[in-house]
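Here is the structure we will look at, set down as structure tokens.
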Amino acid sequence: MKYNPHEIEEKWQRRWEEEKTFKASEDSQREKYYLLEMFPYPSGKIHIGHVRNYTIGDVVARYKRMKGFNVLHPMGWDAFGMPAENAAIERGIHPALWTRDNIAHMRGQLKRMGFSYDWDRELATCEPEYYRWEQLFFLWMYEKGLAYKKGSLVNWCAQCRTVLANEQVEAGCCWRCSREVEQKFLDQWFYRITDYVEELLAWCDQLPDWPERVLTMQKNWIGKSIGCEVAFPLFDQPGEIKVFTTRQDTICGATFMLVAAEHPLVLELVAGKSCAGEVRNFAERIKKQDRLLRTSDSYEKEGIFLEAYCKNPLTGGKIPIFAANFVLADYGTGCVMAVPTHDQRDFDFARKYSLPLIVVIDRPGEPLDEAAMTEAYTEEGILVNSGPFNGLPSTEALEVIADYLASNGLGRKTIQYRLRDWGISRQRYWGTPIPIIYCDRCGAVPVPQQDLPVELPLDVDITGEGGSPLARHRAFFEVSCPKCAKPARRETDTMDTFVESSWYFARFCSPDFNDIPGLDRKRIDYWMPVDQYIGGIEHAILHLLYSRFYTKMLRDFGVMGADEPFRRLLTQGMVCKETMSCPTHGYLFPEEVAGDACSHCQETVIIGKNEKMSKSLKNVVDPDYLIDQYGADTARLFCLFTAPPEKDLEWSDQGVEGSYRFLNRVWRITIDYLEDVTGIEAHRGQAPLEGDLRVLRRKTHQTIRKVTSDIEERFHFNTAISAVMELVNALYQLPRPAKEDRIALSVVREAIETVIIMMAPFVPHMTEELWAALCGGKPLTDISWPDYDPDIAAVDEITIVLQINGKVRSRLEVPADADEESIKKRAALDDRLNRHLEGKRVVKQIYVPGKLLNLVVRD
RNA sequence: GCCGAAGUGGCGGAAUUGGUAGACGCGCUAGGUUCAGGGUCUAGUGGGCGUACGCCUGUCCGGGUUCAAAUCCCGGCUUCGGCACCA
């Protein structure tokens, strides 16, 4: 009987589906386990990188089920994603129907891999009901001031009529049409995530099972800095300039003031002065240049004097005000006090425009001299030239000066964050409509709850020419005001799709619950938080931060009990492969390459570096090809065995062969023994065994121990699989027992059953088939994960390493329970050891129980 | 520039608390299989020296701590990721 993966896989996939094998039940008495992948639904065809994501989740789900957990494992969610419009047009379906269609489309391919999803849940996120609740949450937030509208400066491409994210701007031009990007003031909706900034930051230290680097990224993104807001009064005129600084200890060294070029204050200050025209030109130039400059490596510091002065609040000194290109309008107050002696940027600026330098923090032991300085001194030191604060260490001065400023009404301690409120407005068709109506009389009026959901119209033209199709759709936006019934206009912006992905995990818990608020508190309390979330590092900041914010907000609305959405997080690595390209045809798919030549033009193919698999680079491996060639089990095994999940995986064709070979080995040894072990029970209990059988049985139990802990504690499937490989090797090594040797065959049977059960989460189809052949009865999915017997797994002979000065010189086989005395006695008789001891004396002996004996010797 | 992670054979990777470096797999070499090929089985496989017992050396580089370092500390190099004129 040959291993025929295709036949087996089709058979079991059909059975699992018919019997709804993987459905979670809410009334189960078992402990719950909620497992979710971080929206990995691809908007096109799935490639092997996706398969890796799903496989990791699937293995965990199958393992946890065998461990007796009630597992909720719905499929992740990316069907609303960005490329949906294009992909929908390509596939000839209306974008509004895209999500549902896409999920159906993907299921075929996903089921072929044997993934054990609870397939009936995720459709809940493509129903109008999903919009209804999302819009309800919006209205609640609007009521509480957590959703608000404000004008903001955006990158705007006039050609595409779209707002561009910073990363969509290439050298100041639109990534799609290469037209120069404009700065435009646009009214946009925001969610006030900054209200939760302290809680989001604090909980970063209470998520022990999240990867360190994700938390670090989130902390950096939030970017908290503690400092002072200080007012610098204007000289010879009323008013003041507020600055934010974290270095209030250097305030006496502030010799000039910098204002962001685009700051409104700039034009106010120069109004009516002779320099006004020049300054205006400067500001215009910087506004445009700024974006361009960001992409170049060296930023030339530029500024222009505004013919205005302000007063240093501590020294009273008269300091000039400049507009500068390197000050950010949207951080802090948009104005910076410049301390050239202790800030490198200010130093460069002062040198360029010949501005005065005053040292206020002196280097201990080696005093600074303004004239001789070649760079700013940014370290700690002792205050000088600072009046009453002279002699204070700078670290203490931070506090003292902050208190002084506060008590004298010159400033106050403040905290600045890098994190901005979350702009959710999108000028796209695809997304949840924002439920607001604008009326000339009543202003912005929320859509009444009973009118929800505001649905997307189906009769729009998707022209692909940019701009929101909704803004061109009169029937959609021409409405009457809910308050006064006069003609009014509906908001045509839709929500960022990140809003939808910020609570889908909660909707999955109660997909059919359509009473207010669309989330069944009872079931939410049972399943949430997600016990294990798995996904790519690319969502480390935005999606995960937004989901955390949303969870806290819904908690404060009383919808959810959890403080955090995801208890444990695994960020798995990417699958990489080298790119191939040809001078004429650009990037090539693997099947477009024959040997080392392009199959279109026969030119030699250029092999590029290893990069993340993506459609645009065409360095993808099609899982269908793998399944056709080797079967889904081999594809799964390869993804798991080659690298631990959090590492990037470099694709290799040869590795796949190895996985296939191993599965064949498992298949052959099982079939080979099948007849002999039929009717024989697997070995149980403690009955003593000798020789090879004892060794095999020990290996069996050691394997259970190893595989269990590798999956349980670390998700290190690669080492778990290698442990099973060792057990299979041991089975092959065992001399074939006689047919009537029932004891030997029972030990063999136990080993074979163990191999099959241990492999079940990884290669479910083949193991089901072998299990059915071997045991019949209950399918493997209903078998519980075995425990190992520590006594049987324990070795009875151990190797003690004999070292001299830490170098291994010999080894000693001793009984596991040998005591220190007897080991030392035997070591003294060891020839190899004694050869190294000639002419030396032992000054110390270090004995590590069960491990080694180290002799420290001198000449 | 700042923050973070990583660096181990020809390759992917093991080594869970400082205690046998290189598990397992790929590749390669040799041999068996009535041996065309493939498959499969067995053995070998970090480097150097040696007929051999064996010896030396070895986890990016340089120091250090320790009886003992891939692992801890200091300095440097390289790669990757994040943030970036953040006051």
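Note that this is a predicted model, so its numbers are computed, not measured. Order of the sequence lines sets the chain letters (A, B, ...), proteins ahead of strands, with each chain counted from 1.
- Among the nucleotides B:G19, B:U42, B:C24, the one closest to any side-chain atom of A:R665 is B:U42.
- When Watson-Crick and G-U wobble pairs are counted only if both distances are under 3.5 Å, B:U51 pairs with no nucleotide at all.
- Counting only heavy atoms from C-beta on, A:W221 has its side chain closest to B:C83 among B:U16, B:C83, B:G25.
- Closest approach to the A:Y331 side chain among B:C24, B:C86, B:U57 is made by B:C86 (side chain taken as heavy atoms from C-beta onward).
- Of the candidates B:G19, B:A14, B:C83, B:C83 carries the atom nearest the A:R418 side chain, counting heavy atoms from C-beta on.
- At a threshold of 4.0 Å, the pair A:E198-A:K224 counts as salt-bridged, since one of the basic side-chain nitrogens sits closer than that to a carboxylate oxygen.
- In this structure, A:Y3 and A:W667 have tilted ring planes: the angle between them lies in the 30° to 60° band.
- Under a cutoff of 6.0 Å and an axis angle of 45°, A:R665 and A:Y732 form a cation-pi pair.
- Set against B:G12, B:A87, B:C26, the side chain of A:L328 has B:A87 as its closest nucleotide.
- Residues forming a side chain to side chain donor-acceptor pair (under 3.5 Å) with A:K824 (at least two apart in sequence, or on another chain): A:E820.
- Checking A:R213 against A:N664, the closest nucleotide of RNA chain B that is more toward the 5' end is the one next to A:R213.
- The A:N729 side chain lies nearest to B:C24 when the options are B:C24, B:C86, B:G82.
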